[in-house]
2 protein chains.
Amino acid sequence: MSVEEELSTREKIILAGAQIIVEEGLRKFTAKNIANKIGVTDAAIYKHFPSLDSIIIEIINRYISKCSQSVDRAVAMNLSTEETLKQVMREHISVLEETKGAVPILCFEFSRSGNKKFFDILHSFVDSYKSKLSKILEKGQQEGVIRKDVNPSETAMLFVGLIQAKVFAYVMERRTGPIIANPEELISELFYGIIAR
Amino acid sequence: MSVEEELSTREKIILAGAQIIVEEGLRKFTAKNIANKIGVTDAAIYKHFPSLDSIIIEIINRYISKCSQSVDRAVAMNLSTEETLKQVMREHISVLEETKGAVPILCFEFSRSGNKKFFDILHSFVDSYKSKLSKILEKGQQEGVIRKDVNPSETAMLFVGLIQAKVFAYVMERRTGPIIANPEELISELFYGIIAR
DNA sequence: CTTTACAGTTAGCAATTATTAACTTAAAAT
DNA sequence: ATTTTAAGTTAATAATTGCTAACTGTAAAG
């Protein structure tokens, strides 16, 4: 509760591990690198986790669940369909800032890692996310708010994907501070396009 | 020229290496994995490249240069500003399909790899891409075709971002076939938004 | 006061990695 | 016909990896 101290080592492992995956990639996710980052030896890691994989499982579950809730929170606000969708984006962006872009990166890394356990967790997250968002989009289409010619399921994925792309831009330009400087601009572009009316 | 045979081993190394990075991630990019894929031993790799890093450099340069040219090709067609921008997206999508999504994934991997040489190549690519596209967008704003309240540089990155988002969905859902099933739908979403008019 | 459990250490193992060296072989160049 | 070269092999290297075992100190529980 003071400036920074007194996170348990277990907690530090998870945070350091996630940071390594996000900032340096899976290849640098090693017991030694994690241990160095928190000031212990690599063997100490195994006092808190049975394996490196189990750390990954914990990281995925923890970050993914933050993201899962974002759609539910937006829906719970009982807004118009258009505002609900905008709110989904806002919630998303706020999770993104909070987790420093971890979720899309974790998804992307582990969807290709060949580890079935990781993939299954991620896949079921993406599936449920997509179906929730698709339903909102379909409702919007019935109400005439959303263009009838957009594919709800594809567009749902576009919501997550766009955010991942923002992380890429952020990293590539070595920016600091918030990943998405102007959330409303991004939302507006996605919703109304870039063409003047 | 026949069905498939007679690529040089050097060429096979580059193709297999890129495929591994794209489909399985940097962690699996090892001499042994590449060698297995093309039916030689790991030591044979070093007859063609001095190091694994040099393979990566070649992969990045090769795929990135294909992508760099896409804006130039679109500009060379001398279309209206709006059509030029749409054509940029089309060119982009066609490079994407041709390279099986490699560029965005390579960018994703190497933007975080911590290797300065890799990062620099990518950075200068993104920089030049962004400035070319920004200029077109600014021209569009002066002509009143593009919304004045969008940031040209951010929007340039949105062009890449949308495509990355599609690759993200493609990978996450382990799809096969074209990455972007309906290019004109995506282009239309970017230009006119998802909201009905 | 002693015991126990926890959280760390050092040391080490077996596997894997990037890379090199020494050898083979077949084809091209002389 | 011989030499050279290219492109492969096997075998070895040093470093790094995930993980375990055996040890140490400290603080709470009895």
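Each chain gets a letter, A, B and so on, in the order its sequence line appears, and its residues count up from 1.
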Is there any protein nitrogen or oxygen under 3.5 Å from a nitrogen or oxygen in nucleotides 21-29 of chain C, and what are the pairs?
none

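No side-chain N or O of Ser113(B) forms a donor-acceptor pair with one of Arg27(A) less than 3.5 Å apart. Counting only N and O atoms by type, the side chains of Asn33(B) and Thr30(B) include a donor and acceptor under 3.5 Å apart. Side-chain contact, Arg90(A) with Ser70(A): no donor N or O sits under 3.5 Å from an acceptor N or O. Thr155(B) and Glu189(A) share a side-chain donor-acceptor pair at under 3.5 Å.
Rounded to a whole Å, the CD1 atom of Ile56(A) is 14 Å from the C1' atom of dT17(D). One interatomic measurement links the two molecules: NZ of Lys32(A) to C1' of dT10(C), which rounds to 13 Å at whole-angstrom precision. For Ile45(B) and dT20(C), the CD1 to C1' distance is 15 Å, given to the nearest whole Å. Atoms CD1 (Ile13(B)) and P (dT19(C)) sit 13 Å apart, rounded to a whole Å. If you measure from atom CG of Asn33(B) to atom P of dA18(C), you get 9 Å, rounded to the nearest angstrom. Straight-line distance from the OH atom of Tyr46(A) to the C1' atom of dT9(C): 16 Å, rounded to whole Å. Distance CZ (Phe49(A)) to P (dG18(D)): 15 Å, rounded to an integer number of Å. Rounded to whole Å, the distance from CD1 on Ile34(B) to P on dT19(C) is 11 Å.
Side-chain nitrogen and oxygen atoms of Arg27(A) include at least one within less than 4.0 Å of the OP1 or OP2 phosphate oxygen of dA18(C). Between Thr9(A) and the phosphate of dG8(C), there is a side-chain N or O to OP1/OP2 separation shorter than 4.0 Å. For dG8(C), one of the phosphate oxygens OP1 or OP2 lies less than 4.0 angstrom from a side-chain nitrogen or oxygen of His48(A).
For Lys37(B), the NZ atom is densely surrounded, since the number of other residues' heavy atoms within 6.0 Å is greater than 12. Sparse packing is recorded around NZ of Lys100(A), with 12 or fewer heavy atoms of other residues, nucleotides or ligands lying under 6.0 Å away.
In terms of position along DNA chain D, the nucleotide closest to Val40(B) lies nearer the 5' end than the nucleotide closest to the other residue of the pair Val40(B) and Ser51(A).
A pairwise comparison of heavy atoms in Ala156(B) and Tyr129(B) identifies O-CE2, 3.8 Å as the closest pair.
As judged by a 4.0 angstrom heavy-atom cut-off over every strand, Thr30(A) is placed among residues touching the sugar-phosphate backbone only. In this structure, Phe29(A) reaches the sugar-phosphate backbone alone: every heavy-atom distance under 4.0 Å involves primed, P, OP1 or OP2 atoms, never a base.
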